[in-house]
Amino acid sequence: MDFDLTAEQRTAQAGFRQWVEQHVVPVADANDNREQTPPDLIAKLAAPGYLGALVAKEYGGEGMDALTWGLLCEEVGRGSASLLSLLTVHGMVIQSIAKWGTAAQRARWLPVLATGETIGAFGLTEPNVGSDAKSIQSIAVAQPDGSYVLNAEKRWISFGASANLILVIAKVNEKPTGFLVERNMPGFSSEPIYGMLGFRSANIARLIMRDVIIPPENLVGKVGFGFSHIAGTALDHGRYCVGWGCVGLAQAALDASLSYSGERYQFDVTLNKHQLIQEMLAEMIVNVKAARMLNYHSAFLKDRGDPSLIMETSMAKYFASRVAAQVTNAAVQIHGANGCSSDYPVQRYYRDAKIMEIIEGSNQMQQIIIAKSGYQQHLVAKRAARRSSAIEGEGK
Ligand SMILES: Cc1cc2nc3c(=O)[nH]c(=O)nc-3n(C[C@H](O)[C@H](O)[C@H](O)COP(=O)(O)OP(=O)(O)OC[C@H]3O[C@@H](n4cnc5c(N)ncnc54)[C@H](O)[C@@H]3O)c2cc1C
């Protein structure tokens with residue numbers, strides 16, 4: 001397997017890095033304190049085409065390959081996990097429309113999503129329903145004219161306070177279904193949520209839909225496609241972004257720790273001369289590298305369209321979010337009291353990393369999926385071994 005980036009990917013990566021250094025790093029702590037990503041930063045993200053990175057060129061996007069997109073998520077995640085979540089949820093809407101939308105939906109929405117004129121968000125979670133997503137209580141009732149009347153409440157929706165197009169999953173006659181809900185539809189309202197542990201500038205909101213009339217052209221795919229097709233596509237994309245974003249977040253915490261421990265003196269030597277600190281740094285370095293490798297592997301599979309991609313992406317997200325949590329925890333430890341203060345960004349990294357273990361399917365949900373899939377693979381391997389020994393026996 002070739003782990004080298006192409007010349008174009010290297011150039012793109014350097015561009016992403018420079019962009020994040022210039023536009024994100026200087027404002028990330030202030031936005032976190034203000035609990036808001038302002039519209040001008042969203043406009044800056046749109047300007048180089050990052051919001052349209054995944055949109056096909058024919059619809060005005062960049063048509064970026066999976067690995068380059070992963071590198072963008074890593075760099076943005078390094079600067080701000082909250083801003084990464086915009087790339088994530090906006091991309092979830094783009095991917096769902098691109099894959100399951102009609103030609104008319106693609107023509108209407110992809111060009112404006114690509115430019116950032118329309119901002120997308122993904123509404124699945126409800127006040128009473130999180131991991132057990134199949135139990136959602138949002139209801140859409142089909143009308144004789146082909147429209148639907150939607151009553152729904154969605155909670156913890158990233159960029160729900162800014163988005164003007166929300167992909168909402170609701171049930172039609174018990175069948176989970178995806179709808180494109182526009183902010184200006186009568187009956188739609190949103191309330192910002194403040195005081196979160198992390199992702200504080202992710203413009204998180206509660207969304208309320210009371211008797212919202214959804215025209216038939218805003219149904220995505222078919223009635224009943226809500227989980228099997230639409231949320232499946234959206235969440236697979238979400239996990240891919242989060243996996244890469246966790247690598248960036250962990251790298252930021254590692255870089256900060258390498259710097260700090262090389263400058264701070266205790267007991268007449270810099271912190272990095274103490275072996276217990278070296279142990280922490282070594283663990284951080286190896287874990288960040290391992291998390292990056294798992295994400296490279298899922299990028300490699302994604303660019304090849306390999307069917308094992310979904311499970312590998314789950315594993316990459318699971319591992320990388322755990323690494324981000326461990327590495328940011330160690331970063332605060334290495335920074336001591338300074339790490340607990342707002343003078344250093346490691347406390348933000350630490351708070352944001354905890355969120356990574358909960359979103360896009362919590363780590364317990366990933367463990368359940370991974371263990372089930374591991375057992376299935378074990379059974380397949382066992383059957384194949386039995387078949388090949390039977391064939392060998394026949395040959396004797
Ligand atoms: C900052 C932030 C942003 C978010 N953005 C969005 C968004 O944009 N769109 C959206 O739809 N949602 C969003 N969410 C919601 C997120 O997807 C949910 O929080 C997540 O799915 C978990 O659901 P829950 O919080 O209701 O926890 P619950 O489902 O109530 O679970 C609570 C705990 O129990 C564990 N648990 C649950 N079931 C099991 C089981 N069977 N076995 C073992 N353990 C179990 C969970 O892992 C978790 O640790 C966001 C959340 C946060 C914090």
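Computed over heavy atoms, backbone and side chain alike; hydrogens, waters and symmetry mates excluded. Order of listing sets the numbers, starting from 1, for every ligand and every atom in it.
Within a 4.0 Å radius of atom 31 (O) of ligand 1, the protein contributes one or more non-hydrogen atoms. Atom 34 (O) of ligand 1 is never approached by the protein to below 4.0 angstrom, counting heavy atoms only. Inside a 4.0 Å radius of atom 20 (C) of ligand 1 there is at least one protein heavy atom. Protein heavy atoms are found less than 4.0 angstrom from atom 17 (O) of ligand 1. Under the 4.0 Å distance rule, the nearest protein heavy atom to atom 13 (C) of ligand 1 falls inside the cut-off.
Protein heavy atom nearest atom 9 (N) of ligand 1, with residue, atom name and distance: Phe122 O, 2.8 Å. Scanning all protein heavy atoms for the shortest distance to atom 52 (C) of ligand 1 gives Ile359 CG2, 3.6 Å. The single protein non-hydrogen atom nearest to atom 25 (O) of ligand 1 is Ile358 CG2, 4.6 Å, given as residue, atom name and distance. The protein non-hydrogen atom at the shortest distance from atom 10 (C) of ligand 1 is Thr125 OG1, 3.3 Å. Counting protein heavy atoms only, atom 37 (C) of ligand 1 is closest to Ser131 OG, 3.7 Å. For atom 46 (C) of ligand 1, the closest heavy atom belonging to the protein is Ser362 OG, 3.6 Å.
Ring pair Tyr260/His335 is parallel by interplanar angle, where below 30° counts as parallel and above 60° as perpendicular.
Taking the six-membered ring for Trp and the full ring otherwise, Phe199 and Trp156 have centroids separated by 6.0 Å or more. For Tyr59 and Trp109, the gap between ring centers reaches or exceeds 6.0 Å.
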**Message:** Between Asn363 and Ser321, is the side-chain contact (heavy atoms from CB on, under 4.5 Å) condition met? List the steps.
**Reply:** CA-CA 8 Å; Asn363 278 5; Ser321 62; 3.0 Å; yes
**Message:** Thr233 vs Asp236, test: side chain to side chain donor-acceptor pair (under 3.5 Å). Steps then yes/no.
**Reply:** CA-CA 5 Å; Thr233 296; Asp236 174 46; over 6 Å; no
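The N/O atoms of Arg155, backbone and side chain alike, include none that comes under 3.5 Å of an N/O atom in ligand 1. The shortest N or O to N or O distance between Glu360 and ligand 1 is not below 3.5 Å.
In this structure a side-chain-to-backbone donor-acceptor pair under 3.5 Å is missing from His90 to Ile119. Between the side chain of Gln366 and the backbone N or O of Gly361, at least one donor-acceptor pair lies under 3.5 Å.
Contact check on Arg108 versus Glu182 returns a salt bridge, with a Lys/Arg side-chain nitrogen under 4.0 Å from an Asp/Glu carboxylate oxygen. With respect to Glu153 and Arg206, a salt bridge is recorded, a charged nitrogen being found less than 4.0 Å from a carboxylate O. The pair Arg155-Glu126 does not meet the salt-bridge criterion, since no charged nitrogen lies less than 4.0 angstrom from a carboxylate oxygen.
With distances taken over non-hydrogen atoms, the option nearest atom 7 (C) of ligand 1 out of Phe159, Trp156, Phe199 is Trp156. Which of Lys354, Gln364, Met196 comes nearest to atom 49 (O) of ligand 1 through a heavy atom is settled by distance: it is Gln364. Residue nearest to atom 45 (C) of ligand 1, selected from Gln367, Gln366, Lys154, Met365: Met365 (by heavy-atom distance).
Figure legend: Lys302 and Tyr240 shown as a cation-pi pair, the cationic atom lying under 6.0 angstrom from the six-membered ring centre and within 45 degrees of its axis.
When non-hydrogen atoms are compared, ligand 1 lies under 4.0 Å from neither the backbone nor the side chain of Asn363. In Leu124, the parts holding a heavy atom less than 4.0 Å from any atom of ligand 1 are both the side chain and the backbone. Within the 4.0 Å heavy-atom criterion, both parts of Ser158, backbone and side chain, lie near ligand 1.
Taking 4.0 Å as the cut-off, Ile368 counts as a neighbour of ligand 1 on heavy-atom distance.
Residue contact check: Gly130 has heavy atoms under 4.0 Å from atoms 23 (O), 24 (P), 26 (O), 29 (O) of ligand 1.
The CD1 atom of Ile193 sits 11.5 Å away from atom CG of Asn203, with the distance rounded to the nearest 0.5 Å.
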